[in-house]
Amino acid sequence: MNDEFYMMLALDEAQKAEKIDEVPVGAVIVDEHNQVIGQGFNRPISTNDPTSHAEINALRMASERLNNYRLTQTTLYVTIEPCIMCMGAIIHARIKRIVFGASDPKWGAVLSLYNMASDHRLNHRPEIESGVCEEKTRQIIKNFFMNKRSK
């Protein structure tokens, strides 16, 4: 599996969010056959839905496509470390592997602020790969907020 290739697809999703003035986070879910089965980008502002994070939108699409809320043989690629809400959904979906770009010291629930991925009290612990295309994923967020502050 080529993690950089799929992270670039997640970055394409993040750019869709940026175009509609949402925080540019993108996600892609890939099955065991390396097929993209879900994708999404942040849309909480435009949809008036606080749960409309990139990961949740990708999970919804993949679950619908597989007709199953369990996504046991999948990998989630996301540009930024998932938050607590998204990690809860990822764990419930039994995602096998999470690959993310930049860490999120303010909201990250994989390794930064919380370490839900390895919490033995939870009934599922996904494999984690961090830092894939880290500079590109960090830069899109950084630029977005620098542009917001300059306006």
Side-chain angles (χ1 to χ4, degrees), residues 1-47 50-66 71-119 124-150:
M1 199 175 291
N2 184 337
D3 290 342
E4 290 81 14
F5 173 80
Y6 293 110
M7 188 60 73
M8 294 309 290
L9 295 179
L11 273 164
D12 290 343
E13 291 296 310
Q15 289 171 339
K16 293 176 185 176
E18 186 174 39
K19 285 179 183 169
I20 60 170
D21 206 29
E22 296 271 8
V23 176
V25 178
V28 171
I29 298 177
V30 177
D31 69 12
E32 69 269 28
H33 306 293
N34 298 323
Q35 298 295 310
V36 174
I37 59 169
Q39 58 203 47
F41 55 91
N42 269 9
R43 296 181 55 213
I45 298 165
S46 59
T47 61
T51 70
S52 191
H53 287 196
E55 301 94 323
I56 300 296
N57 293 328
L59 286 167
R60 287 175 176 152
M61 181 184 284
S63 295
E64 187 173 319
R65 199 166 271 165
L66 295 182
L71 304 172
T72 59
Q73 298 303 312
T74 62
T75 299
L76 169 71
Y77 292 88
V78 60
T79 55
I80 301 298
E81 180 180 4
C83 71
I84 298 166
M85 174 186 70
C86 292
M87 276 304 293
I90 290 163
I91 290 167
H92 280 291
R94 309 298 196 273
I95 295 284
K96 182 177 184 176
R97 185 168 173 253
I98 302 169
V99 179
F100 69 89
S103 60
D104 186 347
K106 292 183 180 179
W107 289 97
V110 179
L111 301 170
S112 296
L113 188 60
Y114 296 99
N115 198 335
M116 291 175 70
S118 63
D119 190 328
H124 177 69
R125 287 172 295 285
E127 300 167 25
I128 303 299
E129 181 74 32
S130 62
V132 175
C133 301
E134 184 173 7
E135 188 52 39
K136 290 178 183 175
T137 57
R138 184 178 314 287
Q139 201 59 48
I140 191 171
I141 290 281
K142 187 177 178 181
N143 290 345
F144 177 80
F145 285 110
M146 278 180 21
N147 290 337
K148 282 280 190 200
R149 285 189 289 272
S150 69

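Because only heavy atoms are used, hydrogens play no part in the values below, and waters and symmetry mates are left out as well, while side chains stay in.
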Participant: For the side chain of Thr79 and the backbone of Ala10, is there at least one donor-acceptor N/O pair under 3.5 Å apart?
Facilitator: no
Participant: Are Arg97 and Tyr77 side-chain neighbours, meaning at least one heavy-atom pair lies under 4.5 Å?
Facilitator: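 Yes, side chains in contact.
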Participant: Take a 6.0 Å sphere around NE2 of His92 and say whether it holds more than 12 heavy atoms from other residues, nucleotides or ligands.
Facilitator: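 Incorrect, the count does not exceed 12.
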Participant: Any side-chain to backbone donor/acceptor pair from Glu22 onto Ile45? Under 3.5 Å, distance only.
Facilitator: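 The answer is yes, because a donor-acceptor pair under 3.5 Å joins these two groups.
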Participant: Hey, is Asp31 close enough to Arg65 for a salt bridge, meaning N to O under 4.0 Å?
Facilitator: no
Participant: What distance do Asn42 atom CG and Glu18 atom CD have between them, rounded to the nearest 0.5 Å?
Facilitator: 11.5 Å
Participant: Give the intermediate values and the outcome of side chain to side chain contact (heavy atoms under 4.5 Å, CB included) for residues His124 and Ile90.
Facilitator: CA-CA 9 Å; His124 177 69; Ile90 290 163; 6.0 Å; no
Participant: With sequence neighbours left out, write down each residue that passes side chain to side chain donor-acceptor pair (under 3.5 Å) with Lys106, or none if nothing qualifies.
Facilitator: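 With sequence neighbours excluded, Lys106 shows a side chain to side chain donor-acceptor pair (under 3.5 Å) to no residue whatsoever.
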Participant: Decide if atom CD of Glu64 counts as having more than 12 heavy atoms of other residues, nucleotides or ligands within a radius under 6.0 Å.
Facilitator: no
Participant: Is the side chain of Ser150 donor-acceptor paired with the backbone N or O of Asn147 at a distance under 3.5 Å, no angle test?
Facilitator: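 Judged by distance alone, yes, a pair lies under 3.5 Å.
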Participant: Would you mind reporting whether Asp12 and Phe41 have side-chain heavy atoms less than 4.5 Å apart?
Facilitator: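 Phe41 does not reach Asp12 side chain to side chain.
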Participant: I would like to know whether Ile141 and Val25 meet side chain to side chain contact (heavy atoms under 4.5 Å, CB included); could you show each step before the answer?
Facilitator: CA-CA 8 Å; Ile141 290 281; Val25 178; 4.0 Å; yes
Participant: Quiz question: by atom type and distance under 3.5 Å, do the side chains of Ser130 and Glu81 form a donor-acceptor pair?
Facilitator: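 Not at all, the side chains of Ser130 and Glu81 share no donor-acceptor pair under 3.5 Å.
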